[in-house]
Colleague: 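Here it is, the structure in full.
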Amino acid sequence: MSDDTVRDVMRDAAGAAERRDELVRVALTTGDTLDDIRRSKIWTRIEDRLDDRAHTPWRWVLAGGAGALAIAAAVMLLVAHGHSVDGFVAPADATLSLQLGHAKAALVGPARLDVLEATENTTTVALKSGRLLGELQGGHGRALTIEAPGARIEIVGTLFAVDVSGATTCVSVAHGRVKMTTFTRVLFVDGGARACSDSARSEAIATDVQRALAHHAATLALAESAPARDPAPSSPPAPERRPMAAPIAAPVPVPVPASLPAPASVPSASHAPSPKHPAPLPGAHGAPVSPPPATTSVSEAPLPPIAENAPPPAPSPLAPPPRAAPVPVPPPAVVAKPPPRPPSADELYRSAEAALAKRDVATADRILATIVDTLPTSSLVDQALYERARIAYDRHAYADAQRHLARLATLPTSPLLEPGAYLGCRVAIAANASTSDACLATYRATYPHSPHDLDVLGLLVDRAFRAGGCTRAAPLVDELSRLYQATTLARGWRERCP
Amino acid sequence: MIAALAVLATVRASEPARGEDDDDALVARHRAGDRDAFATLYRNHAAAVYRRLSRILGPVPDRDDLTQDVFLALHRALPSFRGEARLTTLIHRIAINKACEHLRRNGRRPAVPTDSAFFDELLSLAASPAERASWREELERVFACLAKIKPKKRVALLLRVVDGMSFEDIAVLVDATPEAVAKRVQHGQRELDELFARASREARPA
């Protein structure tokens, strides 16, 4: 191999190594700067964690204990049930519509319910707290079992309500019959009656439960009757329904305003009576009926097994005659739709970040304005104001930028006060404001340890040089060289103004 | 001992003059219970820590969390900091340790940036789409190859290549001898060359 060839090979190798190093350098130095917003965000999180550490020295012990308890509870739950559990939680003031097998139910918040088992016909749930309203369409082999504190409730076809309050469970039955097993006995609760796990006595259904049941029945009926009101030409006729709301007694009739429309859900009288769909009882179609005597509605075991779709009890002779008054059923309310939660400042800020990542600056600015205007106490207001100022600065809207920064400066404390002041000086320079130099000098005096100090000093040197050459810039160049001697900026100015 | 002091002096001289006295004063104030002192320390060093992490790990999204971890570790370390080395050295040591932990934790998954902003920033001067695509491929190859180098070697190599640091300076930061660092850099370069060559062969159409 000649000397020239060796030299060429070596030059190629050196060139390849240089290119490799250059590639690595480019790949790893791009995007390595930390902007003010990100710096501020990281500091906020550090502060939070430092505060946590300061305030909860025993947090690891507590966290460990809580973790152990949670694991133990989970293991017990799995051992107890032997299968997975689906849970439903209805928050306060919300109603959750559920389809539990063949039962259409409503979980009235605050409430919690776990589904323990679900097969084609049978469903077992655990009601932990709150109220469950339900209507089970009876059918061969169909059953709904509710495990509740102090009681097990078996339903094969009825309109019912189960209330759990602490360790006590009460079941109210609109019609049909429900089997309730407590620790000491087995009860059969008939239509119009209510029984509780901690009491041997039975009583009439409470007014609020009656209303809730009527409401639930009306809502279900309305949902089912909706397609019937506007049937498609080829659609089959709506299925027949039992008069669910009819037997619900209303001992204290609720006055209904004349403007209240009669619910369309009440089944019409044209339904032919049948064993499965019995004729409406006195009080059907809204006529209030007194509940049967409590003594007849709850009976102790042994009793005959529950007949599927057990017919409602005969009307009490004490019941008042049917009246033509309209049904005192409240209008169906919106079910299972808690009011939509307005987005939090954090969510809004993330949306703004996403918009910025897509270069959709206008949308980002709009979202940031929403944070500032609608959530003025949020901890993200300073970041939103700073971002808005930066956006305005980028599109040369200097007056807007100054306005946002002025508002930022009024905040009592924020890690963005200092970057905001720096941005304010840059805005002043860009807008050719006469106060630019004073702004930079004030900034340096206010924030002597600022990470922007080098940039600010560089700006001051540059402006002094433009105004009066090296003579005017000399003191600042000296300061730059003294403080930041190793930087390219200092070396460059020293060469220009020795 | 003299060699170690000489190395420390070298590191000291290569940094800007501002900050040394400030750091000492801030550490003293922090020890005296001044909460603002640590905030100022953060403000002074956060950008450098972030840069250090970026230059070892690449544009990974975990950099924010790691920066946070570095300063929490610093907060824990300050009470026992005796001031024998500069605070900057301590901070960068912590950052490098965190970066190494991150690399070990994430195995050898390449830190290929997924967001287009990274490439937009990098390739804004490239004229044609074809050029951009070619650059992008090449950069992805760089990240993939770097991911296959062991953390210690990678750190030494990158401190040398990207930051242009001397073996002595690197040795102070990674707690090793300059000879060991030189070996790591040499091996890292060789591995990187082989990986590049292999990747280029695989990328070439048959």
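We name chains A, B, ... by the order of the sequence lines, and we start the count at 1 in each one.
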Colleague: Please give me the minimum heavy-atom distance between B:P59 and A:A27, naming the atom from each residue.
Modeller: CD-O, 4.5 Å

Colleague: For the candidates B:L157, B:D193, B:L158, B:L146, which exhibits the highest count of non-hydrogen atom pairs separated by less than 4.5 Å from chain A?
Modeller: B:D193

Colleague: In Å and rounded to the nearest 0.5 Å, what is the CG to CZ distance from A:L50 to B:R76?
Modeller: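 The CG atom of A:L50 sits 9.5 Å away from the CZ atom of B:R76.
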
Colleague: Which atoms of B:A39 are under 4.5 Å from chain A, going by heavy atoms: the side chain, the backbone, both sets, or neither?
Modeller: both

Colleague: Locate the shortest heavy-atom distance separating A:I46 from B:Q68; write the atom from each residue and the value.
Modeller: CG1-CG, 3.6 Å

Colleague: Which residues pass the side chain to side chain contact (heavy atoms under 4.5 Å, CB included) test with A:T363, sequence neighbours left out?
Modeller: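 Result, side chain to side chain contact (heavy atoms under 4.5 Å, CB included) vs A:T363: A:A355, A:D360, A:R366, A:I367.
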
Colleague: Answer yes when B:R160 and A:D21 have at least one side-chain N-carboxylate O distance shorter than 4.0 Å, and no when they do not.
Modeller: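 So B:R160 does not pair with A:D21 through a salt bridge.
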
Colleague: Do A:W43 and B:T67 come within less than 4.5 Å of each other through their side chains, counting heavy atoms only?
Modeller: no

Colleague: Side-chain contact, heavy-atom cut-off 4.5 Å: B:D65 with A:R45?
Modeller: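 A side-chain contact exists here, since the closest heavy-atom pair is under 4.5 Å.
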
Colleague: Is there a side-chain contact between A:T29 and B:R55 (heavy atoms, below 4.5 Å)?
Modeller: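 They are in side-chain contact.
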
Colleague: What part of A:E22 gets within 4.5 angstrom of chain B, counting heavy atoms only: side chain, backbone, both, or neither?
Modeller: neither

Colleague: Would you confirm whether B:Y50, through its side chain, and A:D35, through its main-chain N or O, come within 3.5 Å as a donor-acceptor pair?
Modeller: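 A pair under 3.5 Å: no.
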
Colleague: Quick check for you: among B:L53, B:V142, B:D64, which has the greatest number of heavy-atom pairs under 4.5 Å with chain A?
Modeller: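 Option with the greatest count: B:D64.
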
Colleague: Restricting to non-hydrogen atoms, name the atom on B:S54 and the atom on A:D32 that form the minimum distance, rounded to 0.1 Å.
Modeller: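 Of all heavy-atom pairs spanning B:S54 and A:D32, the closest is CB-CB, 3.5 Å.
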
Colleague: Does a sphere of radius 6.0 Å around NZ in B:K183 hold more than 12 heavy atoms from other residues, nucleotides or ligands, not counting ones at 6.0 Å or beyond?
Modeller: no

Colleague: Do the non-hydrogen side-chain atoms of B:F71 and A:I42 ever get within less than 4.5 Å of each other?
Modeller: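 No - every pair of side-chain heavy atoms lies 4.5 Å or more apart.
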
Colleague: Is there side-chain contact between B:R63 and A:R38, with heavy atoms separated by less than 4.5 Å?
Modeller: yes

Colleague: State which residues pass disulfide (SG to SG under 2.5 Å) with B:C100; sequence neighbours excluded, sorted by chain then number.
Modeller: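 Not a single residue meets the disulfide (SG to SG under 2.5 Å) criterion with B:C100.
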
